[in-house]
Amino acid sequence: WCPTLISGDFLDGKEYRFPADTRPHLVVVTAEDEYKTETTLPEFAANHLGKDFRVTILYENPKDKYDIPGLEVLDDADLLLVSVRRRPLPPQQLDRIRKFVAAGKPVIGIRTASHAFCLRNQAPPDGLAEWK
């Protein structure tokens with residue numbers, strides 16, 4: 001697990017962007033145990049996407065796999081890449097993802113993204129919401 005720091009963490013809470021940086025903002029969300037995309041996607045993004053996109057990578061909380069901190073960056077993102085498997089989330093986190101999708105913004109799902117936010121044949125734990 002590797003946290004991401006931005007200029008706003010040290011300044012006024014807002015990320016600084018150079019005026020000439022007009023790249024679309026891609027948010028990559030990775031939360032799964034099987035495919036190790038928490039390792040491969042950052043490397044792929046660094047090698048192939050950084051030139052054309054401003055990339056933010058979000059990881060599951062290492063102490064709680066049903067928590068993905070930082071999803072508020074979706075509020076100004078242009079594109080979402082999801083590599084998540086069977087992770088119901090706190091309702092406010094899942095609502096951010098639903099809002100992004102409802103806005104008609106592009107979403108790319110890889111691996112097991114067709115069942116990213118629900119468990120198999122069981123209800124989510126108390127306090128969590130699912131999206132089948």
Side-chain angles (χ1 to χ4, degrees):
W1 178 75
C2 179
T4 300
L5 298 175
I6 61 171
S7 56
D9 294 333
F10 299 103
L11 302 172
D12 60 1
K14 298 178 183 173
E15 178 185 10
Y16 177 79
R17 286 183 72 182
F18 290 98
D21 185 0
T22 59
R23 296 172 299 165
H25 185 192
L26 165 64
V27 174
V28 177
V29 178
T30 176
E32 49 79 18
D33 299 323
E34 290 76 17
Y35 304 108
K36 306 302 178 208
T37 56
E38 76 279 1
T39 302
T40 58
L41 282 176
E43 182 179 339
F44 176 77
N47 291 334
H48 302 287
L49 302 176
K51 178 182 172 194
D52 297 314
F53 296 93
R54 184 170 56 96
V55 180
T56 300
I57 301 174
L58 301 179
Y59 304 91
E60 68 184 25
N61 179 339
K63 295 179 182 177
D64 179 1
K65 71 180 191 175
Y66 300 126
D67 175 36
I68 303 174
L71 286 170
E72 62 275 359
V73 299
L74 287 175
D75 293 349
D76 66 294
D78 300 299
L79 173 66
L80 171 62
L81 190 155
V82 177
S83 179
V84 176
R85 182 175 188 270
R86 304 223 180 267
R87 297 294 195 267
L89 297 174
Q92 67 274 19
Q93 289 184 3
L94 194 53
D95 287 346
R96 283 205 190 271
I97 295 168
R98 288 179 190 245
K99 180 181 172 185
F100 185 89
V101 172
K105 295 181 179 182
V107 178
I108 299 168
I110 63 170
R111 293 283 186 182
T112 59
S114 64
H115 48 274
F117 305 109
C118 67
L119 298 173
R120 176 182 287 149
N121 302 322
Q122 59 183 318
D126 287 342
L128 300 178
E130 66 180 0
W131 191 13
K132 294 183 178 183

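Throughout, numbering of the chain's residues begins at 1 and tracks the sequence.
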Hydrophobic cluster membership, with links at side-chain heavy-atom distances under 4.5 Å among I/L/V/M/F/W/Y: are [X] and [Y] in one?
X: Leu58; Y: Tyr35; answer: no
X: Leu94; Y: Leu80; answer: yes
X: Ile57; Y: Ile110; answer: yes
X: Val84; Y: Leu119; answer: no
X: Leu49; Y: Tyr59; answer: yes

(message) Taking salt bridge (charged side-chain N to carboxylate O under 4.0 Å, His left out) as the cut-off, I'd like each qualifying pair that reaches into residues 24-39, sequence neighbours left out, listed once.
(response) Asp33-Lys65, Asp33-Arg87, Glu34-Arg85

(message) Tell me which pairs pass salt bridge (charged side-chain N to carboxylate O under 4.0 Å, His left out) where either residue lies in residues 66-75, with sequence neighbours left out.
(response) Asp75-Arg96

[atom1]-[atom2] distance between [X] and [Y], expressed to the nearest 0.5 angstrom:
X: Leu79; Y: Leu26; atom1: CG; atom2: CG; result: 5.0 Å
X: His48; Y: Glu43; atom1: NE2; atom2: CD; result: 8.0 Å
X: Phe100; Y: Asp78; atom1: CZ; atom2: CG; result: 7.0 Å
X: Leu89; Y: Leu128; atom1: CG; atom2: CG; result: 7.5 Å

Counting C-beta onward and ignoring hydrogens, is there a side-chain heavy-atom pair between [X] and [Y] closer than 4.5 Å?
X: Pro24; Y: Arg54; answer: no
X: Trp131; Y: Val101; answer: yes
X: Phe117; Y: Val82; answer: yes
X: Ile68; Y: Ile97; answer: no

(message) Run the side chain to side chain contact (heavy atoms under 4.5 Å, CB included) test against Lys51 and tell me which residues pass, sequence neighbours left out.
(response) none

(request) Might you work through the side chain to side chain contact (heavy atoms under 4.5 Å, CB included) test for Lys99 and Leu74, ending with a clear yes or no? (result) CA-CA 9 Å; Lys99 180 181 172 185; Leu74 287 175; over 6 Å; no

Do the side chain of [X] and the main chain of [Y] share a donor and acceptor less than 3.5 angstrom apart?
X: Lys105; Y: Ala77; answer: yes
X: Gln93; Y: Leu71; answer: no
X: Arg23; Y: Phe53; answer: yes

(request) Write down the atom of Pro125, the atom of Pro88, and the distance for their closest heavy-atom approach. (result) CD-CG, 4.1 Å

(message) If you compare all heavy atoms of Pro90 against all heavy atoms of Tyr66, which two are closest, and at what distance to 0.1 Å?
(response) CD-O, 3.1 Å

